[in-house]
Amino acid sequence: MPDNKTVKKWSTNDSKEIYGIDQWSNDYFNVNNKGEVTVNLTDNGNKSPVSLVDITRGLTQRGVQFPVMLRFKDLLESRIAHLNESFLKAMSAVNYNGTYRGVYPIKVNQQQQVIEEVTRSGEKYHYGLEVGSKPELIAALSYMHDPEAYIICNGYKDSEFISLALHGQQMGLRIVLVIETPSEIDLILQVAKKIKIKPLLGIRAKLSTKGGGHWNDSSGDRSVFGLNMSQIIEVIDKIKSKGQINCLRMLHFHLGSQITDITNLRQGTTEACRIYIDLVKEGAPMGLFNIGGGLAVNYGGRKNNASGSSNYDIKEYCTDLIEIIKKTTDDANVPHPDIISESGRAIVAYYSILLFNVLDVNRIEADNSLSGLPKNHHETLDFLIDVYKNLKTERLQENYNDAVYYRDSLKDLFLHGVISLRELGFTEKIFWSILQKIASAVELEEYVSDELKEIKNTITDIYYGNFSVFQSVPDAWAIDQLFPIMPIHRLKEEPTREAVISDITCDCDGVINRFVDPDGERKTLRLHPIISDKDYIIGIFLVGAYQETLGDLHNLMGDTHVMSINVEKGKIKYSRETEGDSIADVLSYAEHNPKELLGRFRCLAERAVEENLVSATQRRKIMTAYEAGLRGYTYFGK
Ligand code: PLP
């Protein structure tokens with residue numbers, strides 16, 4: 001028996017430690033003494049932590065169902081201020097003569113609310129926008145009217161795109177057209193001549209430095225974006241031949257997203273700086289050095305260059321890159337350029353949290369009773385039972401091999417019609433019980449094979465979450481991205497279950513089985529046993545970047561409800577509620593016409609009345625249910 005005096009009671013600190021919240025939260029999230037996750041908002045300039053449980057209570061009172069996406073404009077504001085202030089500080093520390101003019105890349109989260117809040121929060125820094133397509137430019141022209149901020153136009157451009165940008169410039173906006181292919185320059189100069197305006201031109205360089213990580217292919221010699229060195233020369237000669245070299249103002253590069261190693265960013269910046277200097281020497285006025293995106297977010301919370309982490313922070317990023325640019329341009333006697341960066345992920349990732357409730361749990365439990373053993377069973381089943389009864393700590397591997405062998409033999413016997421479904425059912429029950437016993441024994445052993453260590457990951461619970469991986473965290477599926485995930489309450493209690501999280505799309509890829517761990521990653525998440533009739537709510541954090549944009553309608557699971565949260569005079573304020581997709585909405589995205597669907601179903605119901613399968617009154621009830629279904633949320637209600 002354990003000595004009660006020495007058994008340490010589980011505390012919120014233990015929960016903080018196992019979920020690694022201090023490492024990934026950037027001080028935006030914490031755990032209060034009630035064991036609930038809090039978000040650090042601002043109330044009239046003062047820090048004001050708000051419990052996510054209190055927020056969800058208000059949502060439930062308002063009838064907002066799970067899953068729900070919460071957005072916090074305070075966090076967005078804080079990120080924009082932090083990036084701008086860090087650059088300005090790094091510049092002033094080394095007497096840098098230029099300034100910083102960041103732009104937010106719309107593609108990272110192009111929701112109306114996000115663009116509006118980014119432009120409003122960034123106003124005092126003249127924080128601009130980056131666009132990569134015509135629709136993004138159209139949105140940018142409606143939101144960005146600051147004549148001192150930039151709109152950077154990347155991506156391939158047709159004459160319509162170019163003339164829109166040039167008209168914007170005519171109206172006093174600073175719009176830079178970035179040349180991505182040698183052929184673009186002719187078209188830009190042609191359209192500019194027609195409109196009678198001198199365009200602001202940029203060149204995107206294809207560097208030989210690679211970014212590393214998942215987006216490695218967006219950079220380096222084989223990248224599909226930007227101009228290589230001979231193409232840059234070709235473009236310069238063309239611009240010069242048309243007498244337009246005074247239009248060339250900016251050099252741009254982008255090493256890829258989530259660059260986890262500062263060394264790659266330093267190398268890329270040095271290489272691009274060398275190109276910048278030579279463009280000045282070629283006679284271009286220049287003045288703008290655009291270092292692209294790539295500033296990483298530390299999803300995993302560990303300070304290393306693993307894919308979900310980052311071995312640097314914003315301050316280090318700004319300091320290191322400004323030092324390189326200053327030194328390289330000073331050495332070449334070239335004036336310090338103004339710096340533009342296109343950080344997206346680092347600006348919006350913290351902004352949103354997805355909250356979902358757990359609908360059900362599938363547990364594999366050891367059954368010590370041997371109940372249900374069919375009377376007349378095959379002798380192989382007795383061999384499997386012997387393994388179960390005589391498990392020996394010193395022979396775990398041998399016991400495991402035997403169990404697998406007999407389980408496979410019994411499966412074969414079933415396929416050949418020798419044993420019954422009941423015998424096979426009992427086989428599975430006893431096999432999983434053996435694995436449970438082995439997994440517990442392995443915990444106490446020092447030297448065991450990887451195969452045995454892996455068992456605990458195959459016998460975990462499955463928690464079914466009321467959300468869609470494909471709609472709300474597509475990168476968890478598409479590129480195995482790590483996101484911090486934890487329950488938002490009950491953090492004073494020890495989580496005693498090991499689980500993976502399945503969504504409700506009934507797709508075997510709709511599972512999350514990579515989780516943050518203080519010592520690296522883990523394949524299971526520690527969770528609490530669910531209590532019947534009580535919600536168990538889990539949060540997926542740092543989902544503000546790319547996830548909403550990339551989410552798809554797999555299994556026709558639509559957009560979730562969205563709510564913006566802030567605090568005013570000590571009260572939680574709920575605003576900008578956006579209703580998630582209804583079933584009729586998602587069906588219409590797949591080109592079904594809800595009215596036609598209703599008509600078709602009505603025909604079925606009428607036929608059933610004619611054939612006396614249902615009464616006319618029953619038909620009315622059935623039709624009402626169908627219509628309510630069409631109007632309803634795509635996720636599960638209570
Ligand atoms: N700029 C360009 C040209 C991009 O393609 C991207 C996205 O990959 C970004 C900026 C944003 O990058 P990040 O979100 O890593 O800051």
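Just so you know, ligand 1 is whichever comes first in the structure, and atom 1 is the first atom listed for that ligand. What's counted below: heavy atoms across the whole structure, side chains too, no hydrogens, waters or symmetry copies. For this chain, numbers begin at 1 and follow the sequence in order.
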Query raised in the report: Would you say E342 has any N or O atom under 3.5 Å from an N or O of ligand 1, going by distance alone?
Result: yes
Query raised in the report: Is any N or O atom of H254, backbone or side chain, closer than 3.5 Å to an N or O atom of ligand 1?
Result: yes
Report task. Return yes or no for this condition: an N or O of Y546 is under 3.5 Å from an N or O of ligand 1. Result -> yes
Query - Y276 vs F289, ring pair (Phe, Tyr, Trp, His ring centres under 6.0 Å): CA-CA, chis, key distance, verdict - result: CA-CA 7 Å; Y276 177 90; F289 187 65; 5.7 Å; yes
Query raised in the report: Got an N/O contact under 3.5 Å between H252 and ligand 1?
Result: no
**Report entry** Option among T263, N298, L295, D261 that satisfies the side chain to side chain contact (heavy atoms under 4.5 Å, CB included) test with Y312
**Finding:** L295
Query raised in the report: Would you say A346 has any N or O atom under 3.5 Å from an N or O of ligand 1, going by distance alone?
Result: no
Report task. Specify whether W24 and F29 have parallel, tilted or perpendicular ring planes, treating 30° as the upper limit for parallel and 60° as the lower limit for perpendicular. Result -> tilted
Requested in this report: Could you tell me if any non-hydrogen atom of S343 lies under 4.0 Å from any atom of ligand 1?
Outcome: yes
Report task. For atom CD of E116, decide whether the heavy atoms of other residues, nucleotides or ligands shown that lie under 6.0 angstrom number more than 12. Result -> yes
Requested in this report: Calculate, to the nearest 0.5 Å, the distance between atoms CD1 and CD belonging to I195 and Q190 respectively.
Outcome: 11.5 Å
Query raised in the report: Is there at least one pair of N or O atoms, one from R345 and one from ligand 1, spaced under 3.5 Å apart?
Result: yes
Query raised in the report: Counting both backbone and side chain atoms, is some N or O of G256 under 3.5 Å from an N or O of ligand 1?
Result: no
Query - NZ-CG distance between K89 and N84, expressed to the nearest 0.5 angstrom - result: 12.0 Å
